[in-house]
Enquirer: 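Here's a structure for you.
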Amino acid sequence: MSARTAGPAPGAPTPVETPRPGRWLALGVLVLAVLLVAVDATVLGLATPFLSEDLKPSGTQLLWIGDVYSFVIAGLLVSMGSLGDRVGRKKLLLTGAVAFGAVSVLNAYASSPEMMIAARALLGVAGATLMPSTLALIRNIFHDPKERSLAIGIWGAMASAGAAVGPVVGGFLLENFWWGSVFLINLPVMAVLVLVGAKLLPESKDPAPGPWDLPSVLLSMAGIVGLVYAIKEGATNGFAWPVALAACVGAVALVWFVRRQLTLPSPLLNMRLFHHRGFSGAVLADLLTVLGLSGMVFFLSQFLQLVQDRSPLEAGLAELPAAIGAVTAGLLAGQAARRWSVRSVVAGGLAAIGLALAALVTLDADTSYPVLGAALLVVGIGAGFSFTVTADVILSSVPKEQAGAASAVSETAYELGAALGIALLGTIVTGIYRGFTVPAGVPAGAAGDARESLGGAVEAAATLPADSGAALLGSAQDSFVEGLRVASGVGALVLLVTAVAAWFLLRGQRLEEGYGG
């Protein structure tokens, strides 16, 4: 039997489904929140070399700066999505936007690696309020399925546009100001979001939500963060007893969380949503796709700047093809899924990403830009098709009263995939990188600094005589590129396996047709 999502009976009077006036203006406000988060995430990659020079983090601290935001946001998304269903999605969105702007200032003026990690964690708390609220509000503002598909496409396209705008604007700022300025660009966007959103956005929430279960909040946070921490630390430093303890605590907390949700009259997350094969398939596809992509994306800016010696602005412009492809595909995804099928579009998009990543296993320091740009364009097109359609499937699979919780599951899969991808694939890159051969005559102190990170190698090389410095930097760059090639190969394998899984899991899944015909 088809897993077609439910829609109104043909010809039935549905006054509540009357198109909302000003809904497209309201969407414009919502995409500002998406831009806020997307710009912040991509800017960090460009700022990493400057941040490394100023704060001098160790390799492990640098990974924490990169992924603690995703750890915290993944741990809190389900709780915040459920909270929005209860207190009001507009209220939570605007409150989170104010907090996001305030904590961005703290990030900008961080004076130590520890302070930067703490500031990124707080930014994750604020960010967890934004993404589920935007998707849930789209579900409640756009009642016509075709309009909603287009709205989700625009939402996804703006996330990709943020990924493009972030590096370009960030590159300009990094060439003219200090690295902290890249976080301050959040402030004007946040101000517009709050001032205009307060007037344009409608409030929506579950009319009978039940209480917000604090033990469930704590269990979900402990479970996700515990497991991700264990994977990251175990892959980096070995599975010592603290890592095993974190893994056990995380696993027990998640099992307890699931059991508790099944017994509560008003659960934080309705676990029965996963009985819907399309919902489960879409969530799994999102998680594994981001896992396969994130390690490559996190280190790509470092490759462009520290290996190919591009300026921050040039590196940002070099990444534009991915965003252009994602924007274009995102706007066409709903129409494509209705013309062919959900599983064709999602599986095809994932396979395209996998093949593009596979092409990057030939990467070296002298790889010409057309090759890299073409691979990034294909990655963007595949991601635009797959992510937009899976978001539509997830939102369409649940009653609109539960849109916040469903959106949170989607975003949790995305953020958890990013955290796991940076932890696992990032560890591959770091592990291979640290094994590079130190040229003869390089002092032990400089060699130790160089092994911490590629940014550290650049700094160490600058303190050495020209010949020794060039030899050290060349060896470090070669090792970094080798790690990036291996990570791209692993990512390609993950994406291709996910494409096959999506083909079967999304069998029979359809997007709703518009009410007009």
Side-chain angles (χ1 to χ4, degrees), residues 30 32-41 44 64-104 106-107 117-139 155 159 162 183 186 189-190 193-194 197 205 209 212-214 216-229 250 253-254 257 268-269 283 286-287 290 294 391 394 402-420 422:
L30 293 177
L32 284 177
V34 179
L35 286 169
L36 199 70
V37 177
V39 166
D40 179 79
L44 181 65
W64 272 109
I65 290 170
D67 60 24
V68 70
Y69 173 81
S70 293
F71 285 5
V72 173
I73 204 172
L76 284 176
L77 275 168
V78 169
S79 300
M80 292 301 182
S82 180
L83 181 62
D85 287 343
R86 286 162 168 76
V87 304
R89 293 146 192 151
K90 173 183 176 179
K91 183 185 299 181
L92 186 66
L93 176 69
L94 297 183
T95 302
V98 172
F100 199 92
V103 178
S104 294
L106 188 62
N107 278 262
I117 292 169
R120 292 290 293 170
L122 289 174
L123 202 66
V125 176
T129 67
L130 298 178
M131 297 303 280
S133 298
T134 59
L135 263 180
L137 283 165
I138 287 173
R139 174 71 174 89
W155 176 87
F183 294 103
N186 292 337
V189 180
M190 177 275 296
L193 168 62
V194 172
K205 59 183 178 180
W212 199 55
D213 187 56
L214 186 57
S216 295
V217 173
L218 298 176
L219 286 171
S220 67
M221 185 73 177
I224 293 174
V225 173
L227 280 183
V228 173
Y229 172 82
L254 284 181
F257 172 80
L268 196 71
L269 174 63
V283 170
D286 283 354
L287 189 151
V290 178
S294 56
I394 288 168
Q402 298 178 25
S407 302
V409 172
S410 172
E411 293 300 326
T412 299
Y414 188 95
E415 295 297 340
L416 186 58
L420 288 170
I422 291 174

Enquirer: Who pairs with L94 by side chain to side chain contact (heavy atoms under 4.5 Å, CB included), at least two apart in sequence or on another chain?
Expert: K90, A198
Enquirer: With sequence neighbours left out, write down each residue that passes side chain to side chain contact (heavy atoms under 4.5 Å, CB included) with I117, or none if nothing qualifies.
Expert: Q61, W64, I65, V68
Enquirer: List in chain and number order the residues that pass side chain to side chain contact (heavy atoms under 4.5 Å, CB included) with A222, two or more places apart in sequence or in another chain; answer none if no residue qualifies.
Expert: A253
Enquirer: Could you state the interatomic distance from CZ (F257) to CG (D213), rounded to the nearest 0.5 Å?
Expert: 9.0 Å
Enquirer: Would you name the heavy atoms of L106 and A119 that are closest together and state the gap between them?
Expert: CG-CB, 4.0 Å
Enquirer: If you measure from CG on L130 to CE on M190, what distance do you get to the nearest 0.5 Å?
Expert: 11.0 Å
Enquirer: Side-chain polar contacts of residues 121-129 - donor-acceptor pairs under 3.5 angstrom, sequence neighbours left out - could you list them?
Expert:
from: T129; atom 1: OG1; to: A126; atom 2: O; distance (Å): 2.6

Enquirer: List for me each residue that meets side chain to side chain contact (heavy atoms under 4.5 Å, CB included) alongside T95, sequence neighbours excluded, and say none if there are none.
Expert: K91
Enquirer: Are V72 and M221 close enough that some pair of their side-chain heavy atoms sits under 4.5 Å apart?
Expert: yes
